[in-house]
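Take a look at the structure below.
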2 protein chains.
Amino acid sequence: MGSSERKEREKAELKELILDTSKRLLLKFGKHGLSVRKIAKEIEYSPATIYLHFKDKDEILHELMEMGFMLMNKYMVPAFAEKDPSKRIYEIGRAYIKFGLEQADWYDLMFNSDEPMKHVEKCREDWDEGMALFNFLTITCNEAIEKYSLKGYDAQIIALQLWSVVHGLVNLALTDRLGIVQPSDQKILIDKVLDSTIHCLFKK
Amino acid sequence: MGSSERKEREKAELKELILDTSKRLLLKFGKHGLSVRKIAKEIEYSPATIYLHFKDKDEILHELMEMGFMLMNKYMVPAFAEKDPSKRIYEIGRAYIKFGLEQADWYDLMFNSDEPMKHVEKCREDWDEGMALFNFLTITCNEAIEKYSLKGYDAQIIALQLWSVVHGLVNLALTDRLGIVQPSDQKILIDKVLDSTIHCLFKK
DNA sequence: GTTTTTAATGAACAATGTTTAGTAAAAGAA
DNA sequence: TTCTTTTACTAAACATTGTTCATTAAAAAC
């Protein structure tokens, strides 16, 4: 006895190594540089070994997705501290966009990829990182609605509207559609749209 | 002579056959069912023959993209006919969303895919179908701004804001993020967000 | 020392996009 | 017609991808 504990620890360490390596490959070479075989080569194990720790490639992607939300939360910290609701919404928006543009591969994995969502059974359960963020936005919208006594506003609809704008903006930027339509500085353009959105919601 | 003309016609016909088949495969099996080898098998030629008519798979995707805009235009026809600018904006938004949800594979190809944009040299030139649509939206926004005498509004920013909202909504819906956040009827939810967006822009 | 459990892999399968050398047929020239 | 050149096409190969399974080597349990 006792050796079984060591075994489990070693097993967990290898799993962690696989995830760390996946993360590194994603950061270095993007989603196209992340393959099961490359991970295997990197950690100097055979590809089949990966499948002793993960059912799927999707399962790896799914765990990376969770890591992505940890990273995103770091971007959100200053925004969460903001007292004024409409200003908090603005800061959340800015942080979201900043994260999306700076961490394009993470963003894509977390918000655009089908694979880790469809094939992993606990998809709903594990996207609650995303849901928590959305709920916080909804609460903030509620605060803003009360503060400005906006009647006929549904906080959840407003939250979704805000999410759609920033999600749309980030995706348009990342897929090079923004530059075609308006070749000026994209960041300024994006800022203006976010300004306009919040202005027309809360500053009238 | 004369036979050379027939040759060229036959060549063009084969190219058209490849594109038609690609289109059919995309519609039937989605983007994952569309491979060079499947196209080849379908038209009963070898895969290498495809490369006599197209430089790349990307080039095929690119031509499909153009077809997609033709299809999208059909969705837009009723909206274009609308006289009132704010109502026209609303109808464009609805048509855009309808197209996105009903023709998910086309939408993905036209608005999300990197490949046909990055590797084909004439990317800018050929996305002018998309640009034309955006320009029309911008013009309509201008009309609305004048009609409601909205000061300090930039038509292009408003147009981009609108595009971002619908693009974001469609993408959230297509990648199953909407249902997680709010499991009620997605179409109604999307409609409410579009309503809210236009209402807060033009109806105050 | 023997048996059983575990960890790890090599090799195979079915896909993918793409290239190249080679062939067969058609077209053009004599 | 015969010879040559151009054209249309393909078989085979290459380098990838995710995934599975029979097998082996080693460690653990008895």
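Every chain is numbered from 1 and lettered A, B, ... according to where its sequence line falls, protein lines coming before strand lines.
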OP1 or OP2 of D:dC9 versus the side-chain N and O atoms of B:Tyr45: is any pair under 4.0 Å?
yes
If I take atom CH2 from residue B:Trp106 and atom NZ from residue B:Lys23, how far apart are they, to the nearest 0.5 angstrom?
6.0 Å
Review item, nucleotides 12-16 of chain D N/O atoms under 3.5 Å of protein N/O:
none

For DNA chain D, what residues of residues 12-22 of chain A have any heavy atom nearer than 4.0 Å?
none
Using a strict threshold of under 4.0 Å (side-chain N to carboxylate O), is an ion pair present between B:Asp108 and B:Lys31?
yes
Starting at atom NZ of B:Lys41, determine the distance to atom P of D:dA11, rounded to an integer number of angstrom.
12 Å
Rounded distance (Å) that lies between atom C1' of D:dA8 and atom CD1 of B:Ile43
13 Å
Are a donor atom and an acceptor atom from the side chains of A:Ser196 and B:Gln161 found within less than 3.5 Å of each other?
yes
Spacing between B:Leu52 atom CG and C:dT20 atom C1', to the nearest angstrom:
12 Å
Are B:Phe69 and B:Phe99 near enough that their ring centres are under 6.0 Å apart?
no
Closest of D:dT19, C:dG10, D:dT10 to the A:Tyr51 side chain is D:dT19
Strictly below 4.0 Å: does B:Thr49 bring a side-chain N or O up to OP1 or OP2 of D:dC9?
no
Is any side-chain heavy atom of B:Leu27 closer than 4.5 Å to one of B:Asp105?
no
Step by step, would you call A:Asn112 with A:Asn171 a side-chain hydrogen bond (donor to acceptor under 3.5 Å, both in side chains)?
CA-CA 9 Å; A:Asn112 287 327; A:Asn171 270 334; 2.8 Å; yes
Qualifying residues under side-chain contact (heavy atoms from CB on, under 4.5 Å), relative to A:Tyr45, sequence neighbours excluded:
A:Leu14, A:Ile43, A:Thr49
Quickly work out the B:His53 NE2 to D:dA8 C1' distance and round it to whole Å.
9 Å
Aromatic plane relationship, B:His167 with B:Phe111 - under 30° parallel, 30 to 60° tilted, over 60° perpendicular:
tilted
